[in-house]
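Have a look at the structure below before the remarks.
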Amino acid sequence: VLGKPAFLASHDRGDPQREALLAEERIPAISTALHISLASVLVTVTAPVFFDAPLPSNWLAFLLFFGLFLFACSGIGTLIGVIAANSRVTVLWQQLAYLPSMMLGGLMMPGDILPQVLTKVGHLLPAPYAMQGFLGLAYGRDTLYQPLWGALVLLAGGIVAFALSYWLFAWDSKNTD
């Protein structure tokens with residue numbers, strides 16, 4: 001997600017090439033997904049060796065939630081690329097999404113130790129839904145809620161983000177035909 005939006009926002013809103021870039025957004029999305037997948041494979045394979053971390057007990061659920069999380073984050077990245085005025089602004093929007101995801105999404109600390117208000121704020125982003133899915137279905141651990149709801153939220157969030165990106169891009173009066 002962090003590298004994707006700058007590609008789209010690197011052209012001003014009035015730039016006729018921006019529409020072609022949005023049409024070609026699938027290329028950076030696939031490239032970003034490939035890089036994230038390779039990094040995830042590296043972490044998944046080396047974590048048991050270096051940190052004595054368990055491997056997923058249900059690989060299908062692990063891959064399902066990984067794909068859904070990647071889809072939702074790619075949608076957010078595309079949305080950031082569409083709404084950002086330039087590539088410098090994308091960094092601000094990215095950090096606004098990334099840092100709360102890390103801190104409130106269960107990635108840095110378990111979600112059940114956070115104050116309830118922060119847990120609710122964290123649920124505005126996709127990370128908590130993915131973490132609950134990973135914990136509950138892939139690792140067979142207790143979760144705060146039914147992980148399948150998280151799968152639906154990730155899928156719906158990705159669809160809404162991509163649809164909103166398309167709609168906002170088409171609606172932007174600064175785009176030329």
Side-chain angles (χ1 to χ4, degrees), residues 1-6 9 29 31-84 88-165:
V1 172
L2 290 178
K4 247 178 69 159
S31 174
T32 301
L34 179 64
H35 287 105
I36 291 172
S37 298
L38 290 173
S40 297
V41 166
L42 183 67
V43 169
T44 303
V45 169
T46 59
V49 175
F50 294 121
F51 304 109
D52 198 30
L55 287 172
S57 58
N58 184 341
W59 282 96
L60 183 61
F62 182 82
L63 294 174
L64 170 75
F65 271 92
F66 177 75
L68 288 171
F69 185 55
L70 194 59
F71 177 68
C73 287
S74 294
I76 292 171
T78 303
L79 185 59
I80 289 171
V82 169
I83 65 171
R88 290 179 298 204
V89 175
T90 60
V91 174
L92 298 174
W93 282 107
Q94 292 164 358
Q95 294 305 315
L96 185 64
Y98 176 74
L99 292 174
S101 289
M102 293 296 293
M103 301 302 290
L104 305 176
L107 303 173
M108 299 283 286
M109 62 189 85
D112 56 350
I113 68 168
L114 291 171
Q116 192 151 9
V117 172
L118 293 179
T119 302
K120 288 181 181 181
V121 170
H123 279 89
L124 295 173
L125 298 164
Y129 301 104
M131 282 303 299
Q132 292 299 305
F134 284 130
L135 289 174
L137 297 178
Y139 288 95
R141 294 177 55 193
D142 292 334
T143 58
L144 300 175
Y145 48 84
Q146 178 57 258
L148 291 177
W149 286 111
L152 290 174
V153 169
L154 290 170
L155 180 63
I159 291 170
V160 167
F162 277 114
L164 191 57
S165 299

Enter the distance from [X]:[atom1] to [Y]:[atom2] here, rounded to the nearest 0.5 Å.
X	Y	atom1	atom2	answer
L38	L42	CG	CG	9.0 Å
L96	T90	CG	OG1	12.5 Å
I83	T78	CD1	OG1	11.5 Å
S101	Q95	OG	CD	10.5 Å
I36	F69	CD1	CZ	8.5 Å
F62	L55	CZ	CG	9.0 Å

Considering non-hydrogen atoms only, spot the tightest contact between [X] and [Y] and give its length.
X	Y	value
M103	M108	SD-CG, 4.1 Å
A161	I76	CB-N, 3.8 Å
S74	F162	C-CZ, 3.7 Å

Qualifying side-chain hydrogen bond (donor to acceptor under 3.5 Å, both in side chains) pairs with a residue from residues 41-67, counting only residues at least two apart or across chains
none
Can you name the side chain to side chain contact (heavy atoms under 4.5 Å, CB included) partners of [X], sequence neighbours left out?
X	result
L164	L79, W167, L168
P110	D112, I113
L107	M102, A127, M131
V43	none

Looking at side-chain heavy atoms only, is the closest gap between F71 and L154 below 4.5 Å?
no
What I'd like to find out is whether the side chain of S37 reaches to under 4.5 Å of the side chain of L70, using heavy atoms alone.
yes
List the atom pairs, with distances to 0.1 Å, where a side-chain N or O of residues 132-151 and a protein N or O form a donor-acceptor pair under 3.5 Å, not counting sequence neighbours.
{"residue": "Q132", "atom": "OE1", "partner": "L144", "partner atom": "N", "Å": "2.7"}
{"residue": "T143", "atom": "OG1", "partner": "Y145", "partner atom": "O", "Å": "2.7"}
{"residue": "Y145", "atom": "OH", "partner": "H123", "partner atom": "NE2", "Å": "3.3"}
{"residue": "Y145", "atom": "OH", "partner": "P128", "partner atom": "O", "Å": "3.4"}

